[in-house]
Amino acid sequence: PLGSNNNPYASFGATLARDEEQNLWSTPHDVTHTEADDDRVLYNMIVVRNQLDKDSEEWQKLNYDIYTLRQTRKEVRSRWKHILEDLGFQKEADSLLSVTKLSIISDSQNMSKARDILLRLSEETNIFPTSWELSERYLFVLDRLIALDAADEFFKMASMVYPKRPSGERADDSQKAPQH
């Protein structure tokens, strides 16, 4: 029964695995995913890993690095989505976060403001992990928020939800009530 070709869903898991392999960000079958520098880095890691023997230590290390990078990206995207939803963009959050090479900046004057906000987010909040290299993807998102007159509110919310903490202080430390 497991080997039966009568099941139309038999290859579903394999298809999902292939899609996930090529799905570097969030859109399956997106052929534009290798346009940004950080996409190329991940894509190149996948290509190198796929050329290695699966039993090798190098393959395992690269596989772990790919998994870690993907998880970090998912976490960052989840943080952005959470803030967008808190700002009232429940239905629009996914489309605001969707960026491909077909995406354009709505107004070239917004680019410098978007860069400034992205740098401030990086320096003044923990919305990005400390090891995160800023992604041009979020410039497009900020451009959209500027056009919606919501970029400043996004920054304020990010500052409240993901405040910068002194190194060594954990998130759960600051949320505990002081004991007397």
Side-chain angles (χ1 to χ4, degrees), residues 19-49 62 65-171 174:
D19 283 351
E20 178 60 23
E21 199 63 20
Q22 299 303 318
N23 179 11
L24 303 183
W25 279 95
S26 61
T27 309
H29 310 292
D30 178 10
V31 297
T32 67
H33 63 271
T34 58
E35 293 300 311
D37 288 342
D38 51 343
D39 288 337
R40 276 193 226 78
V41 168
L42 181 54
Y43 178 76
N44 289 336
M45 289 170 69
I46 292 169
V47 168
V48 169
R49 182 205 56 195
L62 210 45
D65 291 345
I66 290 166
Y67 173 80
T68 302
L69 182 54
R70 283 183 168 153
Q71 289 306 112
T72 302
R73 286 178 168 196
K74 286 178 185 177
E75 180 182 328
V76 169
R77 186 182 192 285
S78 175
R79 290 176 181 182
W80 279 71
K81 184 174 180 177
H82 171 70
I83 293 172
L84 289 171
E85 289 173 345
D86 283 353
L87 289 174
F89 294 106
Q90 291 87 357
K91 293 181 181 177
E92 301 88 354
D94 286 324
S95 61
L96 285 169
L97 290 169
S98 178
V99 177
T100 69
K101 79 173 180 182
L102 303 176
S103 299
I104 58 169
I105 297 293
S106 65
D107 182 350
S108 60
Q109 293 178 348
N110 290 351
M111 185 53 83
S112 65
K113 183 174 181 180
R115 283 188 199 286
D116 290 344
I117 295 172
L118 188 62
L119 286 173
R120 286 180 55 211
L121 283 167
S122 170
E123 294 168 356
E124 300 175 27
T125 73
N126 278 336
I127 196 165
F128 297 112
T130 51
S131 61
W132 183 267
E133 290 185 29
L134 291 182
S135 172
E136 129 184 13
R137 161 176 298 279
Y138 291 102
L139 284 175
F140 287 92
V141 177
L142 285 168
D143 170 65
R144 293 168 183 166
L145 292 174
I146 291 168
L148 294 168
D149 200 25
D152 292 329
E153 289 80 14
F154 183 91
F155 179 81
K156 288 175 193 170
M157 180 73 71
S159 298
M160 289 188 318
V161 177
Y162 301 104
K164 195 66 148 182
R165 291 183 178 79
S167 58
E169 184 179 327
R170 294 188 348 221
S174 63

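Quantities reported herein were computed from a predicted structural model and do not represent experimental measurements.
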*Asks:* What's the spacing between S112 OG and I146 CD1 if we round to 0.5 Å?
*Replies:* 8.0 Å
*Asks:* Could you tell me which residues satisfy side chain to side chain donor-acceptor pair (under 3.5 Å) with N44, sequence neighbours excluded, listed by chain and number?
*Replies:* none
*Asks:* Could you tell me which residues satisfy side-chain contact (heavy atoms from CB on, under 4.5 Å) with D116, sequence neighbours excluded, listed by chain and number?
*Replies:* none
*Asks:* Measure across F154 and L121 and return the closest heavy-atom pair with its distance rounded to 0.1 Å.
*Replies:* CE2-CD1, 4.0 Å
*Asks:* Just to verify, what does E124 make a salt bridge (Lys or Arg N to Asp or Glu O under 4.0 Å) with, not counting sequence neighbours?
*Replies:* R120
*Asks:* How many angstroms lie between CD1 in I66 and CZ in R49, if you round to the nearest 0.5 Å?
*Replies:* 4.0 Å
*Asks:* Using the side chain to side chain donor-acceptor pair (under 3.5 Å) criterion, which residues pair with E85? Sequence neighbours excluded.
*Replies:* none
*Asks:* Sort and list the pairs that fulfil salt bridge (charged side-chain N to carboxylate O under 4.0 Å, His left out) and have at least one residue in residues 87-98, not counting sequence neighbours.
*Replies:* R77-D94, K81-D94
*Asks:* If the condition is side-chain contact (heavy atoms from CB on, under 4.5 Å), which residues does Q109 pass it with, not counting sequence neighbours?
*Replies:* D107
*Asks:* Could you work out, with side-chain contact (heavy atoms from CB on, under 4.5 Å) as the rule, every residue matching M111, not counting sequence neighbours?
*Replies:* I105, R115, L139
*Asks:* Say whether, by atom type as modelled, one donor and one acceptor occur between the side chain of T72 and the main chain of T68 under 3.5 angstrom.
*Replies:* yes
*Asks:* To the nearest 0.5 Å, tell me how far Y138 OH sits from L145 CG.
*Replies:* 12.0 Å
*Asks:* If you look only at pairs with a residue in residues 141-154, which of them pass as a side chain to side chain donor-acceptor pair (under 3.5 Å), with sequence neighbours excluded?
*Replies:* S103-R144, S106-D143, N110-D143
*Asks:* S159: what forms a side-chain contact (heavy atoms from CB on, under 4.5 Å) with it, not counting sequence neighbours?
*Replies:* T125, F155
*Asks:* Quick check: closest heavy atoms across S122 and F128, and the distance to 0.1 Å?
*Replies:* CA-CD1, 4.1 Å
*Asks:* Flag the pair L96 / L148 as yes when at least one side-chain heavy-atom distance between them is below 4.5 Å, and no otherwise.
*Replies:* yes
*Asks:* Which heavy-atom pair separates L62 from M45 by the least distance, and what is that distance?
*Replies:* CD2-O, 3.6 Å
*Asks:* Looking at every heavy atom in both I83 and I127, which two are closest together, and how far apart are they?
*Replies:* CD1-CD1, 3.6 Å
*Asks:* Not counting sequence neighbours, which residues clear side chain to side chain donor-acceptor pair (under 3.5 Å) with K113? List them please.
*Replies:* none
*Asks:* Does N126 offer a backbone N or O that forms a donor-acceptor pair with the side chain of R79 under 3.5 Å?
*Replies:* yes
*Asks:* Look at the aromatic rings of H82 and Y162 and report parallel, tilted or perpendicular, splitting at 30° and 60°.
*Replies:* perpendicular
*Asks:* Which heavy atom of K164 sits nearest a heavy atom of E123, and at what distance?
*Replies:* CE-O, 3.3 Å
